[in-house]
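Inspection log for the structure reproduced underneath, given as structure tokens.
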Amino acid sequence: MAFNDYLKGIFRDCAKDAFGVELNLDSIKVDKAPAGTHGTYGVNAGFLLSKAIKKSPFDAAAEVAKHLENNKNITEPQAVKPGYVNFNVSPAYYSQQVEKLFSDPAFFFNNSGEGKKINLEFVSANPVGPLVVVSGRAASYGDSLAKLLSMSGYKVTKEDYVNDFGRQMDLFGLSLKERYMELFGTPANIPEGGYMGQYVIELAEKIKAEKGDSLVAQYKDNFDLKDNYFRKLGLEKMIQWQKQTLEKFGVSFDNWFYESELHKNKEVEEAFARIEKRGLFKEEEGAVWFKTTEFGDDKDRVVKKQDGQFTYFASDIAYMLNKFEKRGFDRVINILGPDHHGYIKRMEAIVQGLGYEKEKLNVIILQQVNLMENGEKVKMSKRAGKIAALDDLIEEVGKDAARYFFIMRNFNSHLDFDIELAKEQSDKNPVFYVQYAYARACSILVKVKETSGRVFKPEEADFSAVEQEEEDLLLYMLNMPDVIKDAAGKYAPSVLVAALFELVSKFHSFYNKHRVISENGEVSPKRAVLILALKKTLETCFDIIGITKRERM
RNA sequence: GUGCCCGUAGCUCAGUUGGAUAGAGCAGCAGCCUUCUAAGCUGCGGGUCGGGGGUUCGAAUCCCUCCGGGCACGCCA
């Protein structure tokens with residue numbers, strides 16, 4: 001768990017001032033002290049210092065404890081068992097932090113990104129069909145990650161790459177044309193590898209409704225794959241559809257980047273020349289190969305085919321060059337599906353081949369999603385026409401549940417998406433659990449205003465005596481900025497989700513044990529402020545996850 | 001065959017830059033509503049952290065090996 005950097009700082013300073021030892025903030029671990037031990041928090045100070053000051057971890061911890069006795073932010077420092085220093089936090093610290101939470105607009109933010117420009121590419125689904133469930137995971141994950149990174153001081157561009165250049169698009173255009181002509185009596189002749197799905201027929205019908213038979217005469221005998229009106233029309237409609245789906249999902253992109261642009265602007269040739277100049281190509285069997293093996297790939301990759309055409313891989317090179325050079329991104333993050341892990345090496349080869357360090361590229365492979373219903377996998381097969389469309393999923397379980405479930409697990413874990421559970425409106429469903437907490441908090445605040453006729457200010461809260469549940473609530477709220485920093489650094493929105501769940505559970509416990517408004521109608525300023533702070537914290541978290549803030553449930 | 005991901009409670013998973021008694025949720029059992037939303041709370045039971053070996057004061061975490069599950073290995077895009 002990422003624990004409060006502020007507290008860590010106290011120990012870093014202590015180590016430096018008292019012992020002349022420079023500690024890395026990340027090596028300092030502040031945790032909640034286990035039940036039954038002294039104090040609220042514990043820090044691994046003894047282990048960190050024992051070597052430097054040539055004492056056993058426990059003795060080192062004792063030294064640290066002694067030096068912290070007069071610190072104004074912590075109280076009762078004490079060396080514990082193997083080498084920890086456990087301590088309590090002073091009321092002054094709590095007051096100061098809570099006031100900051102309200103007054104400092106950047107309270108939940110950090111600046112580990114230092115304004116660096118990140119290109120975050122995700123979804124990038126082929127525009128030949130509706131978005132499917134896997135894209136939903138990518139959309140949830142990418143959007144939440146973008147928010148986390150922005151809050152951590154990065155300048156993030158969310159980008160969707162549209163593969164509108166290759167054969168798939170050609171075949172889609174042709175399939176669409178055949179379906180359209182079919183509506184006017186010409187039997188459809190769907191090409192090999194073409195698209196058989198029902199949605200193609202529906203799209204053709206839509207086009208018929210819009211344009212009538214006006215396209216029949218003109219395009220009936222046009223078999224040009226690239227210069228094909230239906231190809232263009234199909235692309236437009238599909239992107240429009242994807243955008244609509246994503247909008248329902250609360251996800252939007254800053255940029256839709258079309259592969260065809262790279263060809264139109266001769267950037268593919270340019271990229272090709274760039275790699276060629278660096279001597280990274282070889283010719284074999286009439287094709288041009290990029291020697292990606294020089295960068296750890298298991299085989300070289302064709303860039304230009306025998307017939308002189310560039311491969312998709314050539315576009316990738318141009319695209320990467322565009323990101324780094326034309327647009328000056330400091331870092332490129334690529335979120336890919338589970339079937340793409342073989343691509344990492346060759347993508348790294350591109351980056352290095354263009355003369356950049358491979359660390360500038362982060363490829364994240366999202367593992368597969370299994371839709372589960374009644375304990376069984378729902379089979380998804382494009383070929384059988386049974387597409388697990390994201391639209392259907394959103395319709396079925398709602399946006400909030402879908403977005404929450406998709407980032408509940410870390411990206412490298414397979415995700416079992418339990419449809420029944422996501423639909424359930426009960427305590428079993430974690431989404432409702434957290435949303436319920438927000439509604440509850442809002443409801444209390446309404447009552448507070450009704451009974452007292454006013455809103456309480458942070459400085460009215462007195463934390464000199466806090467109950468266990470109050471302190472827990474405080475602790476988890478004040479720790480949220482560090483959770484956000486940690487989650488961003490690990491590219492793991494799931495870290496935030498877990499912390500949010502814990503925070504909410506602390507609140508529910510608090511609620512069941514203590515009253516903000518006593519039975520005789522008196523409002524505790526401290527508790528009213530706590531709930532206000534909670535509301536703000538939850539809003540921040542909900543925005544990151546992309547779920548609705550419902551004031552009533 | 002090669003490469004990547006995974007293996008932790010009955011189920012789904014946290015925890016993996018080595019640190020305190022391995023944690024949640026669900027499922028099971030027992031309680032809590034004349035009280036700010038019971039879509040909530042409290043308690044109980046449940047574990048050879050896939051097996052084995054190694055490194056270490058200390059291993060779920062690092063190394064080796066084996067076993068099991070998933071996915072990928074086109075001059076397709």
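Chain letters run A, B, ... following the sequence lines, proteins first, then strands; residues in each count from 1.
Along RNA chain B, the nucleotide nearest to Gly286(A) and the one nearest to Glu519(A) differ in position, and the one closer to the 5' end is contacted by Glu519(A). Each of Gln306(A) and Ser518(A) was assigned the nucleotide of RNA chain B with the nearest heavy atom; the assignment lying further toward the 5' end belongs to Ser518(A).
In this entry the distance linking CG of Asn410(A) with P of A14(B) reads 7 Å, nearest Å. Regarding Leu534(A), its CG atom lies at a distance of 14 Å from the C1' atom of C36(B), rounded to whole Å. When the P atom of C41(B) is taken as reference, atom CZ of Arg515(A) falls 17 Å away, rounded to whole Å. Between the CD1 atom of Ile419(A) and the P atom of U12(B) there is a distance of 16 Å, rounded to whole Å. Between the CG atom of Asn44(A) and the P atom of A20(B) there is a distance of 10 Å, rounded to whole Å. With rounding to whole Å, Arg346(A) atom CZ is found 13 Å from C75(B) atom C1'. Between the OH atom of Tyr404(A) and the C1' atom of C26(B) there is a distance of 13 Å, given to the nearest Å. One can place CD1 of Ile365(A) at 10 Å from C1' of C5(B), the figure rounded to the nearest angstrom.
Among the heavy atoms of the strands, none lies under 4.0 Å from Ala498(A). Using a 4.0 Å heavy-atom distance criterion, Ser509(A) is classed as a sugar-phosphate-only contact. Counting any heavy atom pair closer than 4.0 Å across all strands shown, Glu469(A) reaches no nucleic acid atom. Contact annotation for Lys299(A): backbone-only contact, meaning every heavy-atom pair under 4.0 Å involves sugar-phosphate atoms and none involves a base. At the heavy-atom level, Gln309(A) lies nowhere under 4.0 Å from the strands shown. At the heavy-atom level, Gly83(A) lies nowhere under 4.0 Å from the strands shown. Here Glu551(A) lies in heavy-atom contact (under 4.0 Å) with a base. Nucleic acid contact class of Phe313(A) (heavy atoms, under 4.0 Å, all strands): none. Asp298(A) comes within 4.0 angstrom of no nucleic acid atom, judged by non-hydrogen atoms across all strands. Arg167(A) comes within 4.0 angstrom of sugar-phosphate atoms only, judged by non-hydrogen atoms across all strands, and of no base. Counting any heavy atom pair closer than 4.0 Å across all strands shown, Arg552(A) reaches a base atom. When heavy atoms are screened at a 4.0 angstrom cut-off, Asp416(A) is found touching the sugar-phosphate backbone but no base atom. His514(A) comes within 4.0 angstrom of a nucleotide base, judged by non-hydrogen atoms across all strands. Using a 4.0 Å heavy-atom criterion, one finds that Gln367(A) contacts the sugar-phosphate atoms exclusively.
Partners of Glu467(A) according to the side-chain contact (heavy atoms from CB on, under 4.5 Å) rule, which considers only residues two or more places apart in sequence or in another chain, are Glu469(A), Glu470(A), His514(A), Arg527(A). Residues passing the side-chain contact (heavy atoms from CB on, under 4.5 Å) test with Leu445(A) are Ile531(A), Leu532(A), Lys535(A), sequence neighbours excluded. Under the side-chain contact (heavy atoms from CB on, under 4.5 Å) criterion, Asn110(A) pairs with Ser112(A), Ser152(A), Lys485(A), not counting sequence neighbours.
Relative to the six-membered ring of Tyr343(A), Lys345(A) misses at least one condition, a distance below 6.0 Å or an angle of at most 45° to the axis. Figure legend: Arg440(A) and Tyr511(A) shown as a cation-pi pair, the cationic atom lying under 6.0 angstrom from the six-membered ring centre and within 45 degrees of its axis. Under a cutoff of 6.0 Å and an axis angle of 45°, Arg403(A) and Phe405(A) do not form a cation-pi pair.
At the phosphate of A20(B), neither OP1 nor OP2 sits under 4.0 Å from any side-chain N or O atom of Lys29(A). The shortest distance between the side-chain N/O atoms of Asn412(A) and the OP1/OP2 oxygens of C6(B) is below 4.0 Å. For Lys513(A) and C32(B), the shortest distance from a side-chain N or O to OP1 or OP2 is not below 4.0 Å. Listed pair Ser413(A) / A14(B) meets the phosphate criterion, a side-chain N or O lying under 4.0 Å from OP1 or OP2. Side-chain nitrogen and oxygen atoms of Arg409(A) include none within less than 4.0 Å of the OP1 or OP2 phosphate oxygen of C6(B). Using a 4.0 Å cut-off, no side-chain N or O of Tyr438(A) falls inside it from OP1 or OP2 of U37(B). At least one side-chain nitrogen or oxygen of Tyr433(A) sits closer than 4.0 Å to the OP1 or OP2 atom of C41(B).
One distance of note links CZ of Phe432(A) with OH of Tyr404(A); it measures 12.0 Å at 0.5 Å rounding.
In C33(B) the base sits syn relative to the sugar, since the glycosidic angle is no further than 90° from 0.
A salt bridge does not link Lys536(A) to Glu539(A): none of the charged nitrogens lies less than 4.0 Å from a carboxylate oxygen. Ion pair Lys323(A)/Glu121(A) flagged as a salt bridge, since at least one NZ, NE, NH1 or NH2 atom sits closer than 4.0 Å to an Asp/Glu carboxylate oxygen.
Ring centroid separation for the pair Phe11(A) and Tyr41(A) does not come in under the 6.0 Å cut-off.
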Quick test: give all pairs of protein nitrogen or oxygen and nucleotides 57-60 of chain B nitrogen or oxygen below 3.5 Å, distance rounded to 0.1 Å.
none

- How is the base pairing of RNA chain B summarised as a dot-bracket string, given the Watson-Crick and G-U wobble criteria with both distances under 3.5 Å, [ ] for crossing and | for another strand? (((((((..((((.....[...)))).(((((.......))))).....(((((..]....))))))))))))....
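For the pairing with Trp289(A), the side-chain contact (heavy atoms from CB on, under 4.5 Å) check across Lys299(A), Lys282(A), Arg301(A) returns one residue only, Lys282(A).
Looking at the side chain of Tyr436(A), the nearest of the listed nucleotides U35(B), A39(B), A77(B) is A39(B).
Each side chain to side chain donor-acceptor pair (under 3.5 Å) pair with one or both residues in residues 308-318 of chain A, not counting sequence neighbours, appears once here: Asn163(A)-Tyr312(A), Glu259(A)-Ser315(A), His263(A)-Ser315(A).
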